[in-house]
Amino acid sequence: MTLPVQDLGLVERRSRIAFHWAAHRHSLISIDGRVPTHTRPATAAPGDSSGVARTVVAHQPAWDNIDWDGDATRDTPALLLGPNDKIFWAYPQVPRLLTAYLEFVENGTLAIASAALLYFGNAGNTGARLWTDSTGSFYRVRHHNGTTEVTSTLAAAPTSGQRVVLRAVLFADGSVQLHQSINGAAETSAAASGANTLAAAWSDTRLYLGTTGDTNPGNVKVVRARIALGNRSAAQMQVSW
Amino acid sequence: MADLSIIGTPVSSLGWWIELVPDARRTLATAHQTLPTQYGRGALVGGLAGFKPRVLTFRGGVIDPANTTTALVTAIERLKDLIENSGLLTLKWDDGTAFLREIDALPVELLFEPSGHPFAAVKETLSASFLTMPESDWRALAGSSVALAAAATRYQVPLGTAPSPAIIRIQAVGSNAVNPVVTIRDAAGVAQITLTFTVTLVAGEDFLDIDCERGVLELSDNGVRSNANSLLTGGSEDFPFALQPAWGDREGGFWPTVEVSAGQGEVLYAKRYR
């Protein structure tokens, strides 16, 4: 008797949350193999593991090794996204209860009003979309359903070079709330917004880091981005894929 | 307390407390073909006859704070789901130091056995075995990078205890880089790998990826990527390769070096450990 061939579908790497990308392997590809579109028609100047600066040319990912854990060793790779970078992955999810988690090093985005960190939506920054950006002084999360927008704005802000974790929650009623941890300290939270009816779909199935599509670039060193369905705690988002 | 994370989730958070990892630091067992010497009193190594893939077994108690059979069964089901349904797993090993390592693996067996006196704790012992693939060496959790900030200059690449495939990326900054040659030398300065490319990299626009992780050569021409195999006109027999710790002197802190004859570049890699 010939036995059927074993199903090897689970040999591939998988992510069990909606999206997970991390810089630690120097790859733009997400944990489960999604290949992004990345452009940067300009040079950039990241640092290596020893802190030596180098120039990288157009469209070359700028991997910047940073000291994330405060032990004076630049052992954590981060992706430097400056004013000329644009990167997005496919994100085939509809608006629903979710938690968006972003770890990064503050590098100038905060001082630029409307500069974005993480954005679901289309290239034109229109229609139904969800994003975290800066007021120019504080970070906030914004949910626009195509007609109405609600926001949740923090009251504390990091300084340049600090390690930041932002945890944004989109609730089932369309309200949003932003939580922030700086340099590993306990989270502080902004007040949740009012409700805002969820649209049937985002304006495009794209997830951007560092811009709102083609506009509002920031300047940030991104270590990790995770999107999980449900309202997940900081502890869950730190460890769960 | 040593802990294991599976695709990012510490197993202790699911009630599995690792107590024993008998083979975490064990190196691969290899077998060599041997030939007799001319007078039959010795052996010459004729090649690698084979090796056993690395199988890691983690053993520890499974318990739930509720200390009930129902809670224990729930904990077991969560562990089975995480381990059996997550595809190619990344295992992270944390032994309480800053020396975090990870390895990719497939689960091959989960063995649950009753453990302890039922009045003391509702507990079972889980022995989980994983076949590491495609690599058998541990990888530093965080990648490293070395800037090749100037042409014709040797830059040291610190390694772990196992060979590390790397991405060497060459680009032209300021002026075009014509026909770059990449040379890997041992700590004594002897060339071990020499790759010659016939290409002009346009300043500020082009870069060349020598990707030994994936075994591909790619040219990025102002953002448009293409196969660059035909550009490698010397040393193709050595590609792809891994940077060898044996080319350095770990005790002395000297490492193999990478240099490019024209342009600048970077080396992106993760240290590997036996």
Side-chain angles (χ1 to χ4, degrees), chain A residues 8-17 20 22-27 29 31-33 37-43 45-69 71 73-78 223-224 226 235-241, chain B residues 5-10 13 81-82 84-90 98 100 102 104 106-107 133 139-150 155-158 166-167 169-174 201-207 209 213 220-225 263-270:
Chain A
L8 293 178
L10 291 182
V11 174
E12 298 297 321
R13 193 183 305 282
R14 298 177 61 198
S15 175
R16 302 191 71 183
I17 58 176
H20 185 189
H24 74 300
R25 290 192 186 183
H26 290 128
S27 175
I29 300 171
I31 298 296
D32 59 347
T37 299
H38 171 250
T39 58
R40 192 193 56 246
T43 60
D48 73 358
S49 296
S50 302
V52 177
R54 64 190 187 280
T55 299
V56 297
V57 300
H59 308 296
Q60 181 175 342
W63 300 108
D64 190 299
N65 273 73
I66 56 175
D67 175 18
W68 180 259
D69 51 9
D71 64 356
T73 303
R74 299 168 69 100
D75 52 3
T76 301
V223 174
R224 184 175 288 110
R226 291 172 173 157
Q236 288 175 315
M237 293 305 291
Q238 282 170 9
V239 299
S240 297
W241 286 18
Chain B
S5 292
I6 297 176
I7 59 165
T9 301
S13 71
D81 171 65
L82 176 71
E84 293 287 346
N85 293 330
S86 297
L88 180 61
L89 302 172
T90 298
L100 300 179
E102 66 178 13
D104 294 335
L106 282 178
M133 64 165 281
R139 183 175 57 231
L141 185 66
S144 301
S145 58
V146 172
L148 309 177
Y155 291 92
Q156 290 199 92
V157 182
I167 300 172
R169 189 166 278 163
I170 310 169
Q171 72 252 2
V173 178
L201 300 176
V202 177
E205 294 184 359
D206 301 348
F207 62 90
D209 268 359
E213 289 259 13
S220 173
D221 182 350
N222 207 16
V224 180
R225 285 187 171 252
Q264 300 179 14
E266 61 189 5
V267 182
L268 305 171
Y269 67 106

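Sequence lines set the chain letters: A, B, ... in the order given, protein chains first and strands last, and positions in each chain run from 1. Below, all heavy atoms of this structure are taken into account, side chains as well, without hydrogens, waters or symmetry copies.
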Item to check | Best-contacting candidate, B:S144, B:A140, B:S145, B:S220, against chain A by heavy atom pairs under 4.5 angstrom | outcome: B:S145
Next on the checklist: Can you tell me which of B:D104, B:D209, B:I167, B:V146 forms the most heavy-atom pairs within a distance under 4.5 Å of chain A?
Outcome noted: B:D104
Item to check | Test side-chain hydrogen bond (donor to acceptor under 3.5 Å, both in side chains) applied to A:H20 and A:R226, step by step | outcome: CA-CA 4 Å; A:H20 185 189; A:R226 291 172 173 157; 3.1 Å; yes
Checklist entry - Under the side chain to side chain contact (heavy atoms under 4.5 Å, CB included) test, which residues partner B:V202, sequence neighbours left out? => result B:N176, B:E205, B:D206
Checklist entry - Of all residues at least two apart in sequence or in a different chain, which pass the side chain to side chain contact (heavy atoms under 4.5 Å, CB included) check with B:A150? => result B:T153, B:Y155
Checklist entry - salt bridge (Lys or Arg N to Asp or Glu O under 4.0 Å) between A:R25 and B:E213: does it pass, once the steps are laid out? => result CA-CA 11 Å; A:R25 290 192 186 183; B:E213 289 259 13; over 6 Å; no
Next on the checklist: With a 4.5 angstrom heavy-atom cut-off, is it the side chain or the backbone of A:T39 that approaches chain B, or both, or neither?
Outcome noted: neither
Next on the checklist: Is B:D221 in contact with chain A via its backbone, its side chain, both, or neither, using a 4.5 Å heavy-atom distance?
Outcome noted: neither
Next on the checklist: Using heavy-atom distances under 4.5 Å, tell me whether B:A172 contacts chain A through its side chain, its backbone, both, or neither.
Outcome noted: backbone
Checklist outcome for this item: Rounded to the nearest 0.5 angstrom, the NE2-CH2 distance for A:H24 and A:W63 is 10.5 Å
